[in-house]
J.: 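I'd like to ask you about the structure that follows.
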Amino acid sequence: MPLEFSPLPVASNERGNLTDRLAESGRIPDPLLRLSMRRMCAQWLKAERDTDTESVFARQRTWLEGLRDSTLELEPNAPAQPPQELPAGFFRLCLGRQMKYSCCYWEDGVASLNMAEDRMLRLCAERAEIANGQRILELGSGWGSLTLSLAERYPNAKITAVTHSPLQREYIEARCRERAIFNVEVLLSDTHRLELAEAGYDRVFAVEMFEHMGDYRRLMARIARWLVPGGKLFVQLFCHRELLYLFEGKESNPWMGRHFFTGGMMPAADTLLHLRGDLSIEQRWLLPGTHYEKTANAWLQNQDSNRDEVLKVLKSVQGPSGVNVGYQRWRMFWMACAELFGYDGGNEWMVAHYRFVR
């Protein structure tokens, strides 16, 4: 039973379409939208935990076996305007200074998104045991926040960033030219089809990338081949503390499936531990979901603070007829993320770090 947000609980597709349009008009107050999202979390957890244990275990085992056997197919059709293909200007206005489009770290004393970005980037490097002179591969580099941070902090390291987005590659390469960074190479490739001329990496990073993959066993095996003996894989992913499930069922929840998630999964906190192949787990860390809640709320605040500029960027992509709806959809998306990960004090959905070694 996948958990996918609609703007409000609905009883039918017809009613759901009307509710979607009402929510996207901006006429439903934010507190009511957030209340609805929290109720959906509660309803989903109750339904899942009221199901008999044997059925839950069988479903979890089926999905885990699909990941192990590389037979689990995620939705292959991308949305018409996937988030990563929006112009960088949109994300500059919503994200922090380093364009980190993933969970940030809000430890005590962190008072701003920029500080939280920097703290998470440093934390990932520390937990991955990065050192100058290493060869580093980042899979799914996004807008390059980690790659650029590592390149500047470890100038003798050689870093290869992999993205399937031409816009993201152009952005990272432009930042390298601006900052006189010469130790970064950006490859344009889908991770499923990535072919490396030579391996021998000391470290591999995958930050919130596994959630979009279906062939976990095969991917872990390929990463093991890319690492030198003793090389390490660092993974950050969002997860549920105990349940693995897919983002599916677009007919039952067309809003999220249509506009943000056409596929993917929510791993359980221990999913990767069952699929490590030739890699050994050295350490796992679990961060409460409140870190993501604060991150998503900060993105929402940035969008609202830069409303006029955001509207201009969206208008250039979506045209004047769709700009207001597009603006509200993104607001709803940030709210949905905040309410999911903030539910029950961040103790249900959370963020996990793993360090594996070959």
Side-chain angles (χ1 to χ4, degrees), residues 82-105 112-191 193-209 212 223 226-228 231-236 295 299 302 306 309 313 316-317:
Q84 67 271 18
E85 289 305 311
L86 280 175
F90 172 83
F91 293 96
R92 277 201 191 107
L93 294 166
C94 296
L95 308 184
R97 181 173 53 237
Q98 300 197 63
M99 292 277 279
K100 187 179 190 320
Y101 190 29
S102 55
C103 184
C104 302
Y105 190 55
S112 70
L113 179 60
N114 289 335
M115 291 176 63
E117 279 188 331
D118 182 69
R119 189 63 192 98
M120 182 63 93
L121 293 170
R122 290 178 178 272
L123 183 64
C124 290
E126 292 167 10
R127 289 180 169 177
E129 299 180 341
I130 297 300
N132 231 340
Q134 291 175 337
R135 293 191 64 212
I136 301 168
L137 173 68
E138 185 186 6
L139 302 173
S141 60
W143 298 101
S145 60
L146 180 61
T147 284
L148 294 170
S149 174
L150 293 174
E152 291 183 316
R153 292 180 59 209
Y154 303 95
N156 294 325
K158 295 183 179 179
I159 304 167
T160 301
V162 180
T163 176
H164 68 274
S165 166
L167 293 179
Q168 291 178 346
R169 181 179 66 173
E170 292 169 8
Y171 180 86
I172 297 170
E173 291 177 340
R175 301 293 79 72
C176 287
R177 291 191 295 270
E178 288 175 2
R179 304 176 193 179
I181 294 174
F182 303 107
N183 57 337
V184 169
E185 176 188 19
V186 185
L187 300 181
L188 186 64
S189 176
D190 186 309
T191 303
R193 300 172 178 83
L194 178 62
E195 298 293 339
L196 297 172
E198 57 176 317
Y201 289 97
D202 300 289
R203 295 291 185 273
V204 175
F205 280 91
V207 176
E208 296 186 23
M209 184 273 293
H212 305 284
I223 290 173
W226 295 336
L227 285 167
V228 299
K232 300 185 180 185
L233 164 67
F234 178 86
V235 178
Q236 174 179 312
T295 300
W299 292 340
N302 280 350
N306 297 304
E309 292 85 352
V313 174
S316 71
V317 177

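Because only heavy atoms are used, hydrogens play no part in the values below, and waters and symmetry mates are left out as well, while side chains stay in. Since the model is a prediction, treat every value here as computed from it, not as a measurement.
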J.: For Tyr154, which residues count as a ring-ring contact (aromatic ring centres under 6.0 Å, His included) partner, sequence neighbours excluded?
T.: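 Here no residue qualifies.
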J.: For a quick test of your reading: what N or O donor-acceptor pairs under 3.5 Å do the side chains of residues 155-163 make, sequence neighbours left out?
T.:
residue, atom, partner, partner atom, Å
Thr160, OG1, Tyr201, OH, 3.3
Thr163, OG1, Ser165, N, 3.1
Thr163, OG1, Gln168, OE1, 2.7

J.: Below 30° counts as parallel, above 60° as perpendicular, anything between as tilted: where do the rings of Tyr171 and Trp143 land?
T.: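 Taking Trp143 first and then Tyr171, their aromatic rings stand perpendicular (interplane angle over 60°).
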J.: Mind checking side chain to side chain donor-acceptor pair (under 3.5 Å) for Gln236 and listing every partner two or more places apart, or none if nothing turns up?
T.: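 Result, side chain to side chain donor-acceptor pair (under 3.5 Å) vs Gln236: Glu208, His353.
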J.: Mind checking whether Asn306 and Cys94 have side chains closer than 4.5 Å, heavy atoms only?
T.: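 No, too far: nothing below the 4.5 Å cut-off.
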J.: Restricting to pairs with a member in residues 129-153, which pass salt bridge (charged side-chain N to carboxylate O under 4.0 Å, His left out), not counting sequence neighbours?
T.: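 Residue pairs passing salt bridge (charged side-chain N to carboxylate O under 4.0 Å, His left out), neighbours aside: Glu129-Lys232, Glu129-Arg355, Glu152-Arg179.
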J.: Atom SG in Cys103, atom CD in Glu117: separation rounded to 0.5 Å?
T.: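 Separation between the atoms: 11.0 Å.
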J.: Below 4.5 Å, heavy atoms only, C-beta onward: do Leu187 and Leu196 meet side chain to side chain?
T.: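 Touching, per the 4.5 Å side-chain cut-off.
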J.: Strictly distance-based, threshold 3.5 Å: is any side-chain N or O of Gln134 a donor or acceptor partner for the main-chain N or O of Asp202?
T.: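 Side chain of Gln134 to backbone of Asp202, a donor-acceptor pair under 3.5 Å: no, none is there.
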J.: Should Leu139 and Ile223 count as side-chain neighbours, where that means a heavy-atom distance under 4.5 Å?
T.: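 The answer is yes; the side chains approach within 4.5 Å.
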J.: Using side chain to side chain contact (heavy atoms under 4.5 Å, CB included) as the criterion, list what pairs up with Arg177, not counting sequence neighbours.
T.: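 Per chain and number, Arg177 pairs via side chain to side chain contact (heavy atoms under 4.5 Å, CB included) with Glu173, Ala174.
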J.: Using the test side chain to side chain contact (heavy atoms under 4.5 Å, CB included), find all partners of Glu178 that sit at least two apart in sequence or belong to another chain.
T.: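 Here the qualifying residues are Arg175.
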J.: Would you say that Ile130 contacts Phe205 through its side chain, given a criterion of any heavy-atom pair below 4.5 Å between the two side chains?
T.: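 Of all side-chain heavy-atom pairs linking Phe205 with Ile130, at least one is under 4.5 Å.
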J.: I need the Leu121 CG to Cys104 SG distance, nearest 0.5 Å.
T.: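 Spacing of CG (Leu121) from SG (Cys104) equals 7.5 Å.
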